[in-house]
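We name chains A, B, ... by the order of the sequence lines, and we start the count at 1 in each one.
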Amino acid sequence: MAFDLDALGDSRRSSYCGEVNEKNIGSIVTLMGWVHRRRDHGGLIFIDLRDRAGLVQLVFSPHAGQAHEKAHELRSEFVIAVTGVVRPRPKDTENPDIATGAIEVEVSSLKRLNDSAPLPFVLEDDTGVAEMTRLKYRYLDLRRPSLQKKLILRHQVTQEARSYLSQNGFIEIETPVLTKSTPEGARDFLVPCRLSPGLFFALPQSPQLFKQILMISGFDRYYQIVKCFRDEDLRADRQPEFTQIDAEMSFVDRDDVMAVMEGLVERIFKTAGHAMSLPIQRLTYAEAIGRFGLDSPDARFGLELKDVTAIVAQCGFKVFTDAAASNGVVKAICVKGGAAFSRKDLDDLTAIAVSFGAKGLAWVKITAEGWQSPIAKFIDDDVKKAIESGLEASVGDLLLFAAGKPSIANTALGRLRLNVGGRLNLIPKQGFNFVWVTDFPLLDYDEAEKRYVAVHHPFTAPMYEDADRLDIDPLSVRAKAYDLVLNGTEIGGGSIRIHTSGMQSRIFEKLGISAIDAQDRFGFLLEALQFGTPPHGGIAFGLDRILAILTGSDSIRDVIAFPKTQKAADAMSDAPSTVSAKQLEEVSIRVVKKT
RNA sequence: GGGGCCGUAGUUAAGUCGGUUAUAACGCUGGCCUGUCAAGCCAGAGGGCGCGGGUUCGAGUCCCGUCGGCCCCGCCA
């Protein structure tokens with residue numbers, strides 16, 4: 001016989017499925033949730049009922065009459081309400097794998113609140129289902145306990161962040177989402193404005209200028225957990241809209257910001273069950289690049305880079321001597337036991353080096369018979385000895401060399417270090433390694449655009465003692481900037497800001513922004529800076545990245561409820577989409593087909 | 001803009017050198033079944049291989065194009 005759907009009526013949940021326990025034995029509970037799994041023995045019927053708190057086993061015995069008959073018709077993901085008595089499971093039928101495994105609910109009354117079509121995929125954790133399918137049916141994907149855990153942790157983390165920042169005097173203030181497009185930085189998402197045909201808002205890449213303005217307004221300490229938008233290509237750790245924990249403080253210098261924010265990070269990790277010891281270690285940018293090749297050093301393992309430029313400056317290998325003679329460097333790592341790498345391994349490593357801009361990769365296997373290497377014949381024995389001792393190399397090791405411009409040699413070898421560390425399982429799976437990277441250069445020179453660009457952003461203050469060199473040696477000027485790096489990933493970055501309009505104008509000029517352009521794009525800031533701006537600085541953390549690392553997720557998509565695909569599309573709603581001619585007309589936009 | 005990997009039942013995969021009617025598991029449907037928990041047993045339905053061309057007697061298999069997914073370079077102050 002078939003049963004119709006039941007109304008909720010006056011049934012109300014007495015507890016969450018996952019929270020029923022031995023203390024409830026003997027009491028009557030009413031539970032609501034989804035049919036997770038059904039084991040129908042014809043006589044006895046077992047249902048695992050699921051809600052956000054977990055699973056509990058329901059038992060329908062033939063004595064339950066209509067409830068038992070109705071239970072036959074239940075299928076996966078039907079929504080039901082049940083009332084029954086909690087009782088201990090019979091001896092030897094307990095399930096130690098679930099939290100409620102010691103008890104079960106003997107159902108006396110069943111309401112079938114809604115049915116479900118057969119699912120496109122089974123709701124299991126560690127499912128092998130294609131991500132596209134998961135994203136299309138995100139509402140089903142999000143029923144999986146593992147994803148629910150991640151989003152619930154996200155909630156707890158933001159709650160704790162708010163609590164910590166509020167306790168430390170930070171005031172949460174909302175800033176506009178419809179803002180002014182500025183040059184510099186990432187590509188803006190643009191929003192047309194009906195009331196001003198031909199003019200556009202930009203979605204904020206960050207609330208940077210607004211939070212500085214709030215310091216000028218005297219709020220002293222500000223924070224916001226806020227969406228930011230950047231119209232750039234996506235990556236596993238980059239979405240076009242992402243969330244920052246954004247903060248700014250007045251009357252402080254670097255160490256003050258770093259100290260308060262270490263407390264925030266400690267609180268966040270404590271929330272997730274991880275104790276950490278403060279203070280967090282610090283590396284200067286120069287040290288980070290020197291030892292790890294990257295400005296986001298993964299200090300969980302060794303395999304550090306060594307500079308051998310001086311040793312090989314006069315050797316017989318032209319690639320090395322040319323690099324040494326032209327302001328370049330020769331950097332090397334010593335891979336313990338790496339002589340066992342195959343020719344294919346070395347080809348792979350070379351390809352990686354090349355993909356990061358290196359011209360090639362020099363390698364040396366140190367064997368009992370001496371150097372086995374394409375470059376062995378170019379290098380004298382005394383230089384070989386000097387290299388070996390400089391790198392603390394011994395028989396069985398592999399040496400990898402990158403030569404050329406410092407930026408390329410360091411990047412290539414730094415990436416190789418990560419790859420080799422991964423291949424040899426040198427990187428601990430557990431644990432969190434934090435590093436502050438400080439003393440970034442203020443400026444970099446963009447060869448393509450033939451101008452200086454800000455390494456951090458154009459509002460970053462130079463170090464006081466370096467500012468005199470802005471005109472004579474701009475690249476040597478260090479910034480009052482700092483990044484927080486976790487396990488080799490940048491999770492936050494900030495700086496002390498320029499707080500005088502004179503210095504701000506000077507930096508714009510250095511960046512090749514004319515006085516007229518500066519006035520047009522940033523005039524409001526330059527003007528505001530003239531009205532009593534306190535020294536101030538701040539930071540922004542990438543909430544998605546922190547959560548991805550905290551939850552062991554490969555992509556930040558797993559800690560975002562509704563993420564976008566690599567083409568920046570929403571697989572569920574199919575955004576972005578076309579709009580009507582009328583809508584376009586209203587905002588004075590005409591779409592031109594690309595040829 | 002570029003490099004790499006991938007696309008076969010609802011899902012995950014197999015499919016040999018191009019060769020009969022495209023396999024399997026899980027899921028689904030029906031039946032049996034009173035202690036299961038990835039329940040079990042029996043039976044069954046379900047795809048023409050992302051899409052469009054081409055080569056061929058014959059194409060998941062080869063070629064060209066295209067769409068989509070993922071990873072990466074560039075880009076991301």
Side-chain angles (χ1 to χ4, degrees), chain A residues 36-49 55-64 68 72 75-77 89-98 100-101 104 106 116-137 140 182-188 205-206 208-209 228-240 242 348 351-358 411-412 415 419 440 442-444 446 448 452-460 479 481 490 493-495 507 511 513 540 542 554-555 557 564-567 569 571 574:
Chain A
H36 188 66
R37 240 176 268 282
R38 173 181 66 111
R39 293 176 294 279
D40 188 341
H41 290 224
L44 279 180
I45 301 169
F46 299 99
I47 298 278
D48 290 336
L49 189 65
L55 295 172
V56 69
Q57 174 164 282
L58 310 179
V59 187
F60 296 83
S61 91
H63 312 300
H68 180 261
H72 271 304
R75 295 292 181 271
S76 285
E77 299 306 306
R89 293 199 189 184
K91 197 165 174 47
D92 296 326
T93 66
E94 300 91 348
N95 183 351
D97 296 331
I98 61 174
T100 62
E104 61 191 11
E106 183 177 22
S116 170
L119 267 54
F121 52 90
V122 186
L123 303 187
E124 274 174 355
D125 279 345
D126 303 314
T127 169
V129 178
E131 191 171 9
M132 186 59 179
T133 309
R134 291 175 42 202
L135 290 177
K136 183 174 175 188
Y137 300 96
L140 299 179
T182 56
E184 301 288 303
R187 193 176 291 114
D188 284 324
Q205 297 174 26
S206 81
Q208 182 61 36
L209 293 179
C228 302
F229 306 86
R230 296 178 189 177
D231 186 6
E232 298 292 346
D233 286 359
L234 287 76
R235 288 283 192 283
D237 61 355
R238 278 165 34 189
Q239 285 272 304
F242 61 99
D348 288 350
I352 292 165
V354 168
S355 80
F356 286 97
T411 302
R415 294 289 175 176
N419 186 280
F440 279 80
L442 183 71
L443 302 169
D444 192 12
D446 187 319
Y452 293 102
V453 293
V455 168
H456 188 55
H457 59 49
F459 319 107
T460 300
E490 180 199 329
S495 62
I507 295 296
L511 295 173
I513 301 173
D554 291 329
S555 163
R557 292 187 298 274
K564 299 199 168 34
T565 67
Q566 199 156 58
K567 257 195 72 189
D574 227 19

Side chain of A:Asp233: nearest nucleotide among B:G74, B:U36, B:C71?
B:G74
Using only modelled atom types and a 3.5 angstrom limit, is any donor from either the side chain of [X] or the base of [N] paired with an acceptor on the other?
{"X": "A:Arg235", "N": "B:G74", "result": "yes"}
{"X": "A:Arg37", "N": "B:C37", "result": "no"}
{"X": "A:Arg415", "N": "B:C73", "result": "no"}
{"X": "A:Glu232", "N": "B:G74", "result": "no"}

Same-atom distance (P) from B:G46 to B:U23, integer angstrom:
13 Å
Work out how far the C1' atom of B:G58 is from that of B:C17, and round it to whole angstrom.
15 Å
Whole-Å distance, A:Ile45 CD1 to B:C37 P, equals 16 Å
What class does the angle between the rings of A:His72 and A:His68 fall in, given that below 30° is parallel, 30 to 60° is tilted and above 60° is perpendicular?
perpendicular
Are A:Phe46 and the base of B:U36 stacked, counting only ring centres nearer than 5.5 Å and planes tilted under 30°?
yes
Pair partner, B:G44 [Watson-Crick or wobble, under 3.5 Å]
B:C28
Nucleotide forming a Watson-Crick or wobble pair with B:A9, both distances under 3.5 Å:
none
